[in-house]
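Data block below; observations after.
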Amino acid sequence: MDTFGKIFKMTTYGKSHGPETGVRIEGCPAGLEIYLDEIQSELEKRRPGQSLVSSPRKEKDEVEILKGIINGKTTGELIELRILNKDVDLSGYRNLEYKPRPAAADFTWYKKYGYWYAFDRTGGRETASRVMAGAVAKKLLKKYNIDILAYSIEINGIRSRKSYYKDFDLIKLEEYKKTINSNSVRCIDMDVAKEMEEAIIKTKEEGDSVGGIVEVIALGVPVGVGEPNYNKLSADLYYGLGSIPAVAGIHIGLFDRVRKFGSEINDEFYIKDGEVKTKTNYSGGILGGISDGMPIVVNIGFKPTPSITKRQRTVNLKEMKETTIEIKGRHDPCIVPRAVPVVEAMTALVLADQMLLGGYIPRKTP
Ligand SMILES: Cc1cc2nc3c(=O)[nH]c(=O)nc-3n(C[C@H](O)[C@H](O)[C@H](O)COP(=O)(O)O)c2cc1C
């Protein structure tokens, strides 16, 4: 199943070690202004080989518009975007044939699809397709004053001192965007970013990997988005974000509230300038599956990267014998920094789809 979405639909294709990685988008209204460099700048945030904390694979990830956007405007027809894979190198994987990497997709994809390199489709590279489609969804949402921002709040147990529920100030949004783009781990807290970066580099040198948490907020979502009972906004966010490889947990709102009294975390209503607001936002902007007008806040946990260079025990599936492996390929020692733009993209795709579904964005396709 390679298609996501009900109206704003993306279908992804390609794999880590194939010739290309691409996406087809259906249901994007005609007349949306979007330029190649806007899609490219989203891809830049995910591109490998940019720092010591990401995979050393050298890819330019230059996006090509194949269909559906002419002179910077969507035509309402199917859109197709693609990048070519230039630095393909399977040599690091040859000694791993039929020896599944622990915690990776190798074992289950081989058992289900019957050929060894099936797992290639679930590698980090597939997420470039999501980022390309997400760039279009983000631009569509921007037209309706919706902004999406994701950043790292925890890596290897090191917590950012700033997060939506700690020390986040919506007025400083532009400042946060600059900070996120100026450090390799995409954290909103510059001091902690250095500590996170050092922890990843140290772990990599030890042949190991670490995990962490990405926080995403969506601002400007009007009251009413979400189609209960089975297309709740919350359910679609769990579904979309949960489809990102290596996701280990998703919390909408403040997770800690499961340990609190209702009186401590119930978001009380008040009226400001004739509009109903809540004094706090522990629910993360969604009540009963429908947006309540407050920022939508989601925390997404990522497990440590499965591929580590330390020797690990596994089995040879051809010989049905126990064995060991040492992984040589190019890998991210921590998935979190590169997952940040992917989280933004999936959040945008869910919201664009839900806004179209609920009629908040008019459908305009031939
Ligand atoms: C942006 C991104 C980059 C990734 N890079 C790697 C990597 O370099 N090495 C690796 O083993 N897994 C990497 N992964 C994770 C695998 O894609 C994923 O863990 C694996 O397919 C197993 O799936 P699961 O963790 O969802 O069970 C990456 C994931 C993402 C989202």
Side-chain angles (χ1 to χ4, degrees), residues 1-2 4 12 14-18 21 42-59 61 83 85 87-90 92-93 96 99-113 116-134 150 152 155 184-186 200 203-204 207-214 216 238-250 300-310 312 314 325-347 349:
M1 304 282 285
D2 291 318
F4 177 79
T12 65
K15 49 190 180 176
S16 287
H17 299 92
T21 307
E42 289 299 313
L43 275 174
E44 288 302 314
K45 299 181 196 166
R46 199 216 65 97
R47 196 162 58 82
Q50 294 191 76
S51 75
L52 288 174
V53 302
S54 73
S55 157
R57 180 168 171 167
K58 291 276 175 232
E59 289 286 357
D61 285 0
I83 53 176
N85 299 340
D87 188 17
V88 176
D89 179 8
L90 259 177
Y93 290 88
L96 303 176
K99 298 173 200 161
R101 292 168 294 169
D106 318 5
F107 175 69
T108 48
W109 282 54
Y110 173 64
K111 281 291 198 185
K112 186 171 178 78
Y113 299 110
W116 178 245
Y117 286 105
F119 64 82
D120 212 20
R121 175 77 184 125
T122 185
R125 196 131 185 87
E126 184 267 350
T127 61
S129 305
R130 301 171 187 241
V131 172
M132 288 186 264
S152 319
I155 286 177
S184 65
V185 290
R186 300 204 166 276
I200 299 176
T203 311
K204 183 180 164 185
D208 220 324
S209 64
V210 286
I213 303 171
V214 174
V216 64
Y238 289 127
Y239 171 44
L241 293 166
S243 73
I244 302 173
V247 165
I250 304 168
I300 304 101
F302 286 86
K303 71 184 193 184
T305 316
S307 300
I308 54 173
T309 51
K310 273 188 178 165
Q312 297 177 92
T314 186
I325 47 168
E326 279 173 68
I327 301 168
K328 297 271 187 299
R330 301 161 299 175
H331 299 284
D332 297 296
C334 178
I335 289 162
V336 172
R338 294 190 60 217
V340 166
V342 184
V343 164
E344 278 189 9
M346 289 312 298
T347 307
L349 286 158

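Indexing begins at 1, ligand by ligand and atom by atom, following the structure's order. Computation of the quantities below employed the complete heavy-atom set of this structure, encompassing side-chain atoms and omitting hydrogens, waters and symmetry-equivalent molecules.
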* Say whether Ser307, considering both its backbone and side-chain N or O atoms, lies within less than 3.5 Å of an N or O atom on ligand 1. => yes
* Asked: Any sub-3.5 Å donor-acceptor pair from Asp332's side-chain atoms to Ser54's backbone N or O?
  -> no
* Asked: What about Thr127: any of its N or O atoms under 3.5 Å from an N or O on ligand 1?
  -> no
* Atoms in ligand 1 flagged as close to Ala105, the criterion being non-hydrogen separation under 4.0 Å -> 21 (O), 22 (C)
* Asked: Heavy-atom distance to atom 30 (C) of ligand 1: which of Val342, Ile335, Val343 wins?
  -> Ile335
* Looking at atom 19 (O) of ligand 1, what's its closest protein heavy atom, distance included? -> Pro306 CG, 3.5 Å
* Please determine if Arg330 has a nitrogen or oxygen closer than 3.5 Å to a nitrogen or oxygen of ligand 1. => no
* With only distance considered, is Ala246 within less than 3.5 Å of ligand 1 through an N or O on each side? -> yes
* Residue from Ile300, Val342, Leu241 passing side-chain contact (heavy atoms from CB on, under 4.5 Å) with Thr347 -> Leu241
* To do: List the atom of Ser184, the atom of Ser51, and the distance in Å for their closest heavy-atom pair.
  => CB-OG, 3.8 Å
* Asked: With respect to atom 25 (O) of ligand 1, which of Arg130, Lys303, Glu126 exhibits the smallest heavy-atom separation?
  -> Lys303
* Structure fact -> For Arg101, the ligand 1 atoms with a heavy-atom partner under 4.0 Å come out as 11 (O)
* How far apart are the C-alpha atoms of Lys45 and Asp61, what are their side-chain angles, what is the distance that settles it, and do they pass the salt bridge (charged side-chain N to carboxylate O under 4.0 Å, His left out) test? -> CA-CA 11 Å; Lys45 299 181 196 166; Asp61 285 0; over 6 Å; no
* Among Ile200, Val340, Val336, which one satisfies side-chain contact (heavy atoms from CB on, under 4.5 Å) with Val185? -> Ile200
* **Closest protein heavy atom to atom 3 (C) of ligand 1, given as residue, atom name and distance to 0.1 Å** => Asp332 OD2, 3.4 Å
* Whether Arg125 lies under 4.0 Å from ligand 1, heavy atom -> no
* **Min N/O separation Thr122 to ligand 1 under 3.5 Å** => yes
* What are the two closest non-hydrogen atoms of Arg130 and Ala345, and how far apart are they? -> O-CB, 3.3 Å
* So among Arg101, Lys112, Lys111, which one has a salt bridge (charged side-chain N to carboxylate O under 4.0 Å, His left out) with Asp106? -> Arg101
* To do: Just go through Pro341, Pro48, Pro245, Ala248 and tell me whose heavy atom is the nearest to atom 31 (C) of ligand 1.
  => Pro245
* Do the side chain of Asp208 and the main chain of Lys310 share a donor and acceptor less than 3.5 angstrom apart? -> no
* Quick one: does Ser55 get a heavy atom under 4.0 Å from ligand 1? -> no
* Taking Arg338 for its side chain and Arg46 for its backbone only, find out whether a donor-acceptor pair lies under 3.5 Å. => yes
* Asked: Which residue and non-hydrogen atom of the protein lie closest to atom 9 (N) of ligand 1, and at what distance in Å?
  -> His331 ND1, 3.0 Å
* Short N or O distance, Thr305 and ligand 1, threshold 3.5 Å exclusive -> no
* NE2 of His17 to CZ of Arg125: how many Å apart, nearest 0.5 Å? -> 9.5 Å
